[in-house]
Amino acid sequence: MTINANTVSHVDAVVVGAGFAGLYMLHTLRDKLDLEAAVFEAADDVGGTWYWNRYPGARCDISSYHYSFSFSEEIQQEWSWSEKYAAQPEILAYLGFVADRLNLRQDINFETRVISSDYDEASQRWTIKTNKGHTVICKYYISGVGTLSYAANPEFEGKDSFKGEVYSTSSWPHHGVDFTGKTVGIVGTGASAIQAIPLIAQEAKHLTVFQRTPNYATPLQNGPMDEQEAHAIKANYGEFREKPGPLWPEYLSRKCGSPFLRKVLKRSKNTWKAAGKKAVFHCGWAVMATSFLTKRPTKSQQSSFARRYARVKDPRTADLLCPDYLYGTKRQPCETNYFETYNRDNVSLVDIKSNPIRRITERGLELDNGDGYVFDCLIYSTGFDAFTGPLFNLNLKGRKGVSLREHWSEGPRTNLGIMSHGFPNFFMITGPQSPSVLFNMPLGIEQHVEWIADVIRYMEDNGLESIEPEKAKEDDWREMVEGIANSTLMPKTNTWYTGSNIPGKPRSFMVYLGGGAAYKQECDEAARNGYDGFILGSADVQREAVAS
Ligand SMILES: Cc1cc2nc3c(=O)[nH]c(=O)nc-3n(C[C@H](O)[C@H](O)[C@H](O)COP(=O)(O)OP(=O)(O)OC[C@H]3O[C@@H](n4cnc5c(N)ncnc54)[C@H](O)[C@@H]3O)c2cc1C
């Protein structure tokens, strides 16, 4: 619902964000649970990731038909994708279509940022405040703020002194940018930069790429969607979503991961090693990395692998593009003409690992060894403060005024990656310690939304006022998440999965690697057992339980 500023409003539920997560949550609360729900979204329209990340070349790198909602057969049948891997404008149009189809925009408060979130123990309600002067009191508070929505902007000395045009891939101007005839510098060579660099190079007079970490990148092999394949998917959507078929790999379906895994995980810590191998084999971006994930590749294996993809003529540039981390332990970017771009006369690659950026100047930047570069435009593509960044930005204060930042001072503490002790009735869609970015995100979002909706229905049906995880359960869950991760090589590399791309962020592995199917069973089992591991109760009962 639309909320008036400068008055105190009461609703059943507040949702933050209008990407995949916020849209489906709103539809579920309003149209399935018949609750009053308000959504706050910082942007002026729906789309989330696909609203903000409009840089040239932005597109999904799991197939378009997988990268979409499954909850409505009508929506599945009405929408057709034009490319195997849809570009940002098409995904944004899709989310706009979903919002219109379900009349969602009318209940979203756009251009409104949530700035504080306080839990009142006496009334067992959250008070949410926004930058536009809204104050809303609600029983249920649901975060759809995304995992990759808070940019990691390195604090270079003199950052504000640059007088040219400055862009960030994670909040690209809507009118697009014409680089024709311009000298351009781009800082970063992660997944977004790998998509953008080939297209910017085609326009720019000269493009200088500042690389700290070379990446293994796999050819995307995009192309127009094959009509027969689309027809086959639409005729078998149920199966397509559920399990692998000749046209669709397992790791993008709900059956991601093996059913045996859950049993193995429950047995003992020692079996995590085997479980981790199996889980990673089946799951997400890492599917191609299986052979290396639990065994270190030799240096020559790594270089030969990288060189195979480094279709680069200049040997010095090819060497610089060779990754030096364990294959598969970072998110696998997908590329189209990325390596060939370095064969162009107007593109140069500069290593800022051995010779870091010392400062930003009025006309460009300067490296540690004194080398200076001058540009018309400077682009930052430096990644995200993933998982926790957008959540901390909600300024949550839970029971006894303890902030989420304090509670998570040594890394996230959750049960199932959905709720945290001391923050009753606060739910995180694709929160840290859930499969999130190492699963098919729309399917992961749907599973969370539906699990949260079931909790709310249960609470309403049973006259309950609040729910939060037992503190001890958070320790168990963290041990499980880290245990699986530590049985692979994934935590050994500095990545945003571990938080180590952000100076000072506590290191912990923030993705459940057990696979979507095993994870769903964990969530379903907790629900089936009357929300085992959660403190649930009416006002008095719960306060007693927490005090004891
Ligand atoms: C460039 C890029 C490519 C990606 N490609 C893929 C892919 O191929 N496959 C895949 O599975 N995933 C991919 N992802 C991950 C992607 O983020 C998810 O797939 C999905 O879009 C997440 O949806 P969401 O609704 O959870 O969050 P988001 O889409 O991130 O939306 C969160 C929304 O919350 C809003 N918000 C945050 N904080 C506040 C606040 N305090 N107040 C108000 N509003 C707030 C933001 O403005 C944003 O609109 C990609 C991510 C990026 C950045």
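Whatever order the structure lists ligands and atoms in, that order sets their numbers, starting from 1. These numbers come from the heavy atoms of this one structure, side chains and all, not from hydrogens, waters or symmetry mates. Computed from a predicted structure; not experimentally measured.
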Practice item. Pick whichever of Leu443, Val114, Leu438 has a heavy atom sitting closest to atom 42 (N) of ligand 1. Key: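 Considering heavy atoms of Leu443, Val114, Leu438, the nearest to atom 42 (N) of ligand 1 sits in Val114.
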Practice item. Identify which of Gln195, Arg331, Met441, Met428 has a heavy atom lying nearest to atom 6 (C) of ligand 1. Key: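 Shortest heavy-atom distance from atom 6 (C) of ligand 1: Arg331.
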Just to check, does [X] reach to within less than 4.0 Å of ligand 1 when the distance is taken from its heavy atoms?
| X | value |
| --- | --- |
| Gly144 | yes |
| Phe384 | yes |
| Trp52 | yes |
| Thr112 | yes |
| Tyr51 | no |
| Asn393 | no |
| Val16 | yes |

Check your understanding: So which bit of Tyr67 gets within less than 4.0 Å of ligand 1, heavy atoms only: side chain, backbone, both or neither?
Key ->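 For Tyr67, the contact with ligand 1 is made by the side chain alone.
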Short side-chain donor-acceptor distance under 3.5 Å, [Y] and [X]:
| X | Y | result |
| --- | --- | --- |
| Glu83 | Asn222 | yes |
| Glu335 | Thr218 | no |
| Ser117 | Tyr141 | yes |

Review point. Can you find a heavy atom in the side chain of Thr49 that is under 4.5 Å from one in the side chain of Ser149?
Key: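 No, their side chains stay 4.5 Å or more apart.
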**Study point:** Glu90 side chain vs Ser82 backbone, donor-acceptor pair below 3.5 Å
**Key:**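 Yes, the answer is positive, given that a donor and an acceptor are paired below the 3.5 Å cut-off.
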